[in-house]
Amino acid sequence: MLKSIILAAGKGTRMKSETPKVLHEIFNKSLLGYVIEAVNNTGLADENFVIVGHQAERVEEYIKNNYQNARTVLQSPQLGTGHAASMALPYLKDFDGEVVILCGDTPLITSETIKEFVENHRAQKSDITVMSAVFDNPANYGRIIRKTDGKVDCIVEEKDATPEQKAVKEINAGIYCVNWAKVKQAFSQLKTNNAQGEYYLTDIIKWGNENGLAVDAYILKDNEEIFGINSKLNLAEAAKMLNRKIVNKHLANGVTIIDPDTTWISPETKIEADTIIYPSTYIEGENVIGKNCKIGPFAHLRGGVVIEDDVKIGNFVEVKKTTIKSHTNACHLTYLGDSEVGSGVNIGAGTITANYNPLTKEKSKTVIKDNVKIGSNSVIVAPVEIGEGANVGALSCITKPVAEWALALTRAPLKIVEGWVKRQTK
Ligand code: UD1
Ligand code: CA
């Protein structure tokens with residue numbers, strides 16, 4: 001089985017945040033989480049070593065609570081990427097398989113690419129494979145320096161590069177696959193005689209060549225996958241890139257998305273063909289949306305939402321942990337949380353399921369059976385059930401179960417005082 005080492009000890013100064021860089025999130029998942037899951041989803045890896053340093057306790061806590069097959073290893077002080085990777089040595093003393101080394105701040109890397117990268121490493125019978133990419137503007141990246149026969153010779157960091165080397169457009173993506181037993185000796189031989197005075201992981205390439213190992217590069221197909229996060233701007237850009245890929249996938253599957261630029265759809269959301277998503281809709285968490293639905297404009301699905309076919313969720317409607325059966329409409333200004341809504345239901349404008357008791361901090365469930373009609377501006381106080389076919393009059397506050405086919409109504413009597421306005425203004 002394969003193992004991974006994920007470098008995540010760096011400071012991330014430019015994030016200007018009290019949160020460690022790799023714990024920043026896109027769609028409620030940390031940058032580090034994306035990388036770990038990309039490795040896990042290859043199905044090739046059984047263990048991930050996350051190298052932590054800056055704000056180590058918070059990252060350790062996060063890993064412990066979220067990823068069972070990942071463990072953290074402390075790097076203190078942080079003396080460079082080569083030093084960081086070597087922190088895993090004590091845990092991999094007798095390990096004889098491949099290790100993939102990645103960075104915790106490149107969340108867009110996909111499991112498909114990692115898998116292909118490892119398969120390429122195996123097919124080429126390589127001992128060290130580095131992932132490279134060709135950039136029009138290679139500034140700040142390490143450059144892949146090839147020999148005249150095209151084989152990879154070494155990696156030179158921008159700060160150490162000659163003008164000729166700086167002109168090279170093939171860069172080091174910062175992802176490596178190594179045959180651990182052969183490469184582990186390299187770590188004790190790395191030097192710090194470079195512009196940054198650090199132990200460079202990139203020096204294992206030169207070392208491999210000098211020690212008769214098979215060294216190779218794999219050229220990445222989609223450069224966006226190694227987009228690194230160094231600032232809040234980068235974080236926003238990466239989220240856009242990820243979202244655009246998700247939106248494009250849904251478009252390809254037959255979902256109509258009126259405005260891809262203002263529509264946000266989480267990676268865990270499934271949508272069937274011929275559903276229409278209107279502009280400025282935000283869908284986060286895990287959701288399933290059937291076919292021929294209309295969602296938005298300005299809808300917010302917050303996860304745990306299961307919507308059957310032919311459902312309308314209109315403007316300013318928020319839905320959380322709720323199942324909605326077919327042919328049900330909630331078209332305007334509504335909150336549905338922790339609810340089960342039947343089919344053929346009409347939820348009037350301004351309906352609220354009051355699911356949260358702020359005193360006990362408990363959430364309760366609302367059940368609305370098939371064909372129920374809820375009048376506008378009603379509050380349904382959970383836990384409560386509204387029976388099949390029942391009607392709720394506008395402006396009602398429902399605090400007791402409503403029997404099937406009943407009318408439920410809470411309403412102060414309407415008083416009309418003739419001529420009242422004129423008398424006030426005489
Ligand atoms: C590194 C590569 C460069 C490559 C680029 C791709 C080296 C020397 N250079 O440069 O060739 O083009 O990545 O993005 O490796 N880290 C630690 N401990 C340390 C230092 C770094 O864990 O002591 C982690 C950082 O948190 C980060 C990753 O390693 O996740 C990369 O470090 P960074 O300083 O960003 O390297 P670059 O200068 O970008
Ligand atoms: Ca970097």
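Atoms within each ligand, like the ligands themselves, are counted from 1 in listed order.
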Participant: Mind checking what makes side-chain hydrogen bond (donor to acceptor under 3.5 Å, both in side chains) contact with Gln189, not counting sequence neighbours?
Facilitator: Trp207

Participant: Would Asp160 and Tyr200 count as having a side-chain donor-acceptor pair, cut-off 3.5 Å?
Facilitator: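 The criterion, which ignores hydrogens and geometry beyond distance, is satisfied for Tyr200 and Asp160.
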
Participant: Scan side-chain atoms only and decide if Asp309 and Asn292 contain a donor-acceptor pair under the 3.5 Å cut-off.
Facilitator: no

Participant: For ligand 1, which part of Thr81 has a heavy atom less than 4.0 Å away: the side chain, the backbone, both, or neither?
Facilitator: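 Contact part for Thr81 vs ligand 1: both backbone and side chain.
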
Participant: Between Lys21 and ligand 1, which part of the residue brings a heavy atom under 4.0 Å of the ligand: side chain, backbone, both or neither?
Facilitator: neither

Participant: Of all heavy-atom pairs between Thr281 and Gly296, which one has the smallest distance, and what is that distance?
Facilitator: OG1-CA, 3.5 Å

Participant: Under 4.0 Å between a Lys/Arg side-chain N and an Asp/Glu carboxylate O for Asp338 and Lys365?
Facilitator: no

Participant: Could you say whether the N/O atoms of Tyr200 and ligand 1 ever approach to under 3.5 Å?
Facilitator: no

Participant: Taking the six-membered ring of Phe135 (Phe, Tyr or Trp), confirm whether the NZ or CZ of Lys169 is under 6.0 Å from its centre and within 45° of its axis.
Facilitator: no

Participant: Judging by distance only, is a nitrogen or oxygen of Gly142 under 3.5 angstrom from one on ligand 1?
Facilitator: yes

Participant: Counting each atom of ligand 1 from 1 as listed, which ones have a heavy atom of Ala84 under 4.0 Å away?
Facilitator: 17 (C), 18 (N), 22 (O)

Participant: Answer yes or no: is there an ion pair linking Asp261 with Lys240, defined by an N-O contact shorter than 4.0 Å?
Facilitator: no

Participant: Among Glu157, Met131, Gln75, Gln78, whose heavy atom sits nearest atom 18 (N) of ligand 1?
Facilitator: Gln75

Participant: Against the six-membered ring of Tyr278, is Lys294 placed for a cation-pi contact (under 6.0 Å from the centre, within 45° of the normal)?
Facilitator: no

Participant: Counting from 1, what ligand 1 atoms have a heavy atom of Leu79 closer than 4.0 Å?
Facilitator: 23 (O)

Participant: What part of Glu198, side chain from CB on, backbone N/CA/C/O, both or neither, has a heavy atom under 4.0 Å from ligand 1?
Facilitator: neither

Participant: Are any of the N or O atoms of Leu201 closer than 3.5 Å to those of ligand 1?
Facilitator: no

Participant: Please determine if Glu47 and Lys3 form a salt bridge, counting it only when a charged side-chain N lies under 4.0 Å from a carboxylate O.
Facilitator: yes

Participant: Report yes if some N/O of Thr202 lies less than 3.5 Å from some N/O of ligand 1; otherwise report no.
Facilitator: no

Participant: In terms of atom number and element, which parts of ligand 1 are under 4.0 angstrom from non-hydrogen atoms of Cys103?
Facilitator: 28 (C), 30 (O), 31 (C)

Participant: Please check whether Tyr141 reaches ligand 1 - meaning an N/O of the residue sits under 3.5 Å from an N/O of the ligand, judged on distance alone.
Facilitator: no

Participant: From atom 20 (C) of ligand 1, work out which of Gly10, Gly53, Gly80 has a heavy atom at the shortest distance.
Facilitator: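 The nearest heavy atom belongs to Gly80.
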
Participant: With the threshold set at under 4.0 angstrom, would you say Gly228 reaches ligand 1 through any of its heavy atoms?
Facilitator: no

Participant: Kindly confirm or rule out an N or O of Ile155 lying under 3.5 angstrom from an N or O of ligand 1.
Facilitator: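 By distance alone, the answer is no.
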
Participant: Output a table of donor-acceptor pairs, distance under 3.5 Å, between side-chain atoms of residues 52-62 and any protein atom two or more places apart or on a different chain; print 'none' if there are none.
Facilitator:
unit_1	atom_1	unit_2	atom_2	d
Gln55	NE2	Glu18	O	2.7
Arg58	NH1	Glu18	O	3.1
Tyr62	OH	Ser30	OG	2.7

